[in-house]
Amino acid sequence: MIKLADQWKDYSVIATGDGYKLERWGEIVLLRPDPQVIWEAQRDLFAYPAHAVYKRSEKGGGGWEYKKTVPESWKISYRDLTFRIKPMGFKHTGLFPEQAVNWDRCMELIKNANRRIKVLNLFAYTGGASVALRKAGAEVTHVDAAKGMVERAGENARLSGLNEGIRYIVDDCIKFVRREIRRGNRYDAIVMDPPSYGRGPNGEMWKIESDLFPFVKLCAELMSDEPLFFLINSYTTGLQPAVLDNLLSLALGGRKGRTESYEVGLPTEEGLALPCGAGGIFIHD
């Protein structure tokens with residue numbers, strides 16, 4: 001099953017092929033590599049009048065090549081959420097539009113809970129989920145090891161009219177969770193978007209294949225007596241939705257609830273579904 005983020009008005013995937021995707025971000029069109037796009041392009045993507053193209057380097061990495069004048073940053077909206085977009089190193093823009101699938105689901109669960117909900121967002125990046133969770137009424141703790149990304153999250157919250165209700169923490173996620181357990185703090189919902197590989201502020205290493213399950217088990221200790229949900233998103237190629245389902249079922253075993261797993265994706269204007277990772281969620285009954 002693939003869930004498509006098909007409610008965007010300020011974003012769309014115009015075309016795909018030959019390892020690239022052509023995207024419209026508001027008024028700006030970008031051409032970026034995508035490892036999932038292994039099929040042939042149905043048109044010459046490089047002939048399209050894009051504003052900027054991310055070119056891979058033979059030595060690894062790459063950089064942006066600007067074809068037209070592009071503002072340093074600009075804003076796009078999703079429903080009543082607003083985010084700042086900025087072309088960054090390693091082809092990123094500061095937002096993953098396919099995550100609107102998870103934002104919508106979590107916002108629905110929070111609004112229907114009819115009670116105060118505390119959420120912990122781990123590996124929280126520029127705060128797309130944090131903004132959505134807070135907009136739905138939750139109290140959010142946002143944790144990421146990159147100070148610059150946490151600052152961007154604060155800006156996205158303010159752009160969405162949110163000036164309170166989100167606590168921003170710059171820290172290694174594992175260390176933070178361990179401290180929260182010792183402090184006796186508990187959360188009604190946990191959201192995490194772990195990287196395939198990572199390094200914490202003090203050199204801590206993270207590898208998703210070996211570290212994710214122990215970390216999910218650790219996070220389970222932070223769940224309140226009446227938890228609402230536990231969501232994992234993963235971009236790691238080859239990590240199937242059923243893997244996330246199994247992780248949640250085992251780590252949260254004994255709790256009343258159900259798990260769901262699915263692919264996350266984006267519709268394209270050429271009629272294809274572009275896969276963008278996997279999601280898994282435990283929902284308390």
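In this chain, residues are counted from 1 in sequence order.
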So CG of Asp10 and CZ of Arg79: to nearest 0.5 Å the spacing works out to 12.5 Å

hydrophobic_cluster_shared for Leu231 and Leu95, side chain cutoff 4.5 Å: no

Closest heavy-atom pair, Lys3 versus Glu260, reported as atoms and distance to 0.1 Å, is NZ-OE1, 4.0 Å

Stepwise, does the side-chain contact (heavy atoms from CB on, under 4.5 Å) test hold for Tyr11 with Leu266?
CA-CA 10 Å; Tyr11 171 85; Leu266 290 163; 3.6 Å; yes

- Message: Within the supplied structure, the quantity of interest is the number of heavy atoms (other residues, nucleotides, ligands) at a distance under 6.0 Å from Asp285 CG; does it exceed 12?
- Response: yes

To the nearest 0.5 Å, atom OG1 of Thr259 lies from atom CG of Leu244 at 10.5 Å

Rounded to the nearest 0.5 angstrom, the OG-CD1 distance for Ser261 and Ile281 is 11.5 Å

Could Lys118 and Tyr187 be counted as a cation-pi pair, given that NZ or CZ must be under 6.0 Å from the ring centre and within 45° of the axis? yes

* Asked: Taking C-beta and beyond as the side chain, do Glu139 and Val119 meet within less than 4.5 Å on heavy atoms?
  -> no

| message | Measuring only between side-chain heavy atoms, which start at C-beta, is Ile76 closer than 4.5 Å to Trp74? | response | yes

Donor-acceptor pair, side chain of Thr126 and main chain of Ala153, under 3.5 angstrom
no

Closest heavy-atom pair, Pro275 versus Glu263, reported as atoms and distance to 0.1 Å, is CB-OE1, 3.6 Å

Please tell me if the side chains of Val143 and Asn121 come closer than 4.5 Å, counting only heavy atoms from C-beta onward.
no

Q) Within the distance-only criterion (no hydrogens, no angle test), does the side chain of Arg186 pair as donor or acceptor with the backbone N or O of Glu221 below 3.5 angstrom? A) yes

Minimal heavy-atom distance between Pro195 and Ile208, with the atoms involved, is O-CB, 3.6 Å

Check: Sub-3.5 Å donor-acceptor pair from the side chain of Trp64 to the main-chain atoms of Lys91, do we have one?
Finding: no

### Message
Show, in sequence, the C-alpha distance, side-chain angles and deciding distance for Lys21 and Gln36, and conclude whether the side-chain contact (heavy atoms from CB on, under 4.5 Å) test is met.
### Response
CA-CA 10 Å; Lys21 58 185 174 185; Gln36 297 282 4; over 6 Å; no

- prompt: Are Val177 and Val216 connected in the hydrophobic side-chain network, where two residues link if heavy atoms are under 4.5 Å apart?
  reply: yes

Of all heavy-atom pairs linking Ser77 and Thr82, the shortest is OG-OG1, 3.2 Å

(request) Check whether any side-chain heavy atom of Ile181 lies under 4.5 Å from a side-chain heavy atom of Leu218, and answer yes or no. (result) yes

Does any non-hydrogen side-chain atom of Ile283 lie less than 4.5 Å from one of Phe230? no

_Whether over 12 other heavy atoms sit under 6.0 Å from Glu269 CD_ = yes

Interatomic distance, CZ@Arg43 vs CD@Glu270, rounded to 0.5 Å, equals 8.0 Å

| Any side-chain donor-acceptor pair under 3.5 Å between Thr16 and Trp39? | yes

Q. Should Leu159 and Met88 be regarded as members of a common hydrophobic cluster, given that ILVMFWY residues are connected when their side-chain heavy atoms come within less than 4.5 Å of each other, either directly or indirectly?
A. no

*Side-chain donor-acceptor pair under 3.5 Å between Asn233 and Gln99, yes or no?*
yes

Please confirm whether the backbone N or O of Leu272 pairs with a side-chain atom of Thr268, one donor and one acceptor, at under 3.5 Å?
yes

Requested in this report: Would you mind reporting whether Arg24 and Leu30 have side-chain heavy atoms less than 4.5 Å apart?
Outcome: no

Tightest non-hydrogen contact, residues Glu98 and Cys276, listed as CG-CB, 3.5 Å

In short, ring-ring contact (aromatic ring centres under 6.0 Å, His included) pairs touching residues 111-165 with sequence neighbours left out are Phe96-Tyr125, Phe123-Trp206, Phe123-Phe215, His142-Tyr168

- What do you reckon, is CD of Glu209 surrounded by more than 12 foreign heavy atoms closer than 6.0 Å? yes

In this structure, CD1 of Ile232 is separated from SG of Cys219 (nearest 0.5 Å) by 8.5 Å

Discussion item. Under a 3.5 Å threshold, yes or no: a donor from one side chain and an acceptor from the other, between Tyr262 and Asp245?
Written reply: no

Worksheet entry | Side chain to side chain, Arg167 and Ile169, heavy atoms closer than 4.5 Å | yes

The reported gap from CZ in Arg32 to CG in Leu45 (rounded to nearest 0.5 angstrom) is 13.5 Å

request  = Kindly say whether Pro49 contributes a backbone atom to a donor-acceptor pair with the side chain of Lys68 at under 3.5 angstrom?
outcome  = yes

*asked:* Using only atom types and a distance under 3.5 Å, with no angle test, would you say the side chain of Asp188 pairs donor to acceptor with the backbone of Pro227?
replied: no

query: Cut-off 3.5 Å, side chains only: do Ser12 and Glu23 have a donor facing an acceptor?
result: no

Item to complete: Start with the C-alpha distance between Phe176 and Leu120, add both sets of side-chain angles, then the distance that settles side-chain contact (heavy atoms from CB on, under 4.5 Å), and finish with yes or no.
Response: CA-CA 11 Å; Phe176 177 80; Leu120 176 60; 3.7 Å; yes

- Message: When you group the ILVMFWY residues by side-chain heavy-atom contacts below 4.5 Å and let the links chain together, are Val53 and Val13 in the same group?
- Response: no

Of all heavy-atom pairs linking Glu72 and Pro87, the shortest is O-CD, 4.0 Å

Trp103 meets the ring-ring contact (aromatic ring centres under 6.0 Å, His included) criterion, sequence neighbours left out, with Tyr78, Phe83

**Request:** Say whether Leu222 and Leu122 are linked into one hydrophobic cluster, either directly or through other cluster members, by side-chain heavy-atom distances under 4.5 angstrom.
**Result:** yes

Sorted by chain and residue number, the side chain to side chain donor-acceptor pair (under 3.5 Å) partners of Lys67 (sequence neighbours excluded) come out as Glu65

* Asked: For atom CZ of Arg178, is the number of surrounding heavy atoms from other residues, nucleotides or ligands below 6.0 Å larger than 12?
  -> no

Quick note, side-chain hydrogen bond (donor to acceptor under 3.5 Å, both in side chains) partners involving residues 148-160, not counting sequence neighbours, are Arg84-Glu155

Answer yes or no: are there more than 12 heavy-atom neighbours, outside Lys86 itself, under 6.0 Å from its atom NZ? no

| Can you find a heavy atom in the side chain of Ile110 that is under 4.5 Å from one in the side chain of Phe229? | yes

- prompt: Can a salt bridge be assigned to the pair Arg182 and Glu180 using a cut-off of 4.0 Å between side-chain N and carboxylate O?
  reply: no

The ring-ring contact (aromatic ring centres under 6.0 Å, His included) partners of Phe46 (sequence neighbours excluded) come to Tyr20

Could you tell me whether the side chain of His51 and the main chain of Ile28 form a donor-acceptor pair under 3.5 Å?
-> no

Note: with side-chain heavy atoms under 4.5 Å as the link, the other cluster members for Tyr197 come out as none

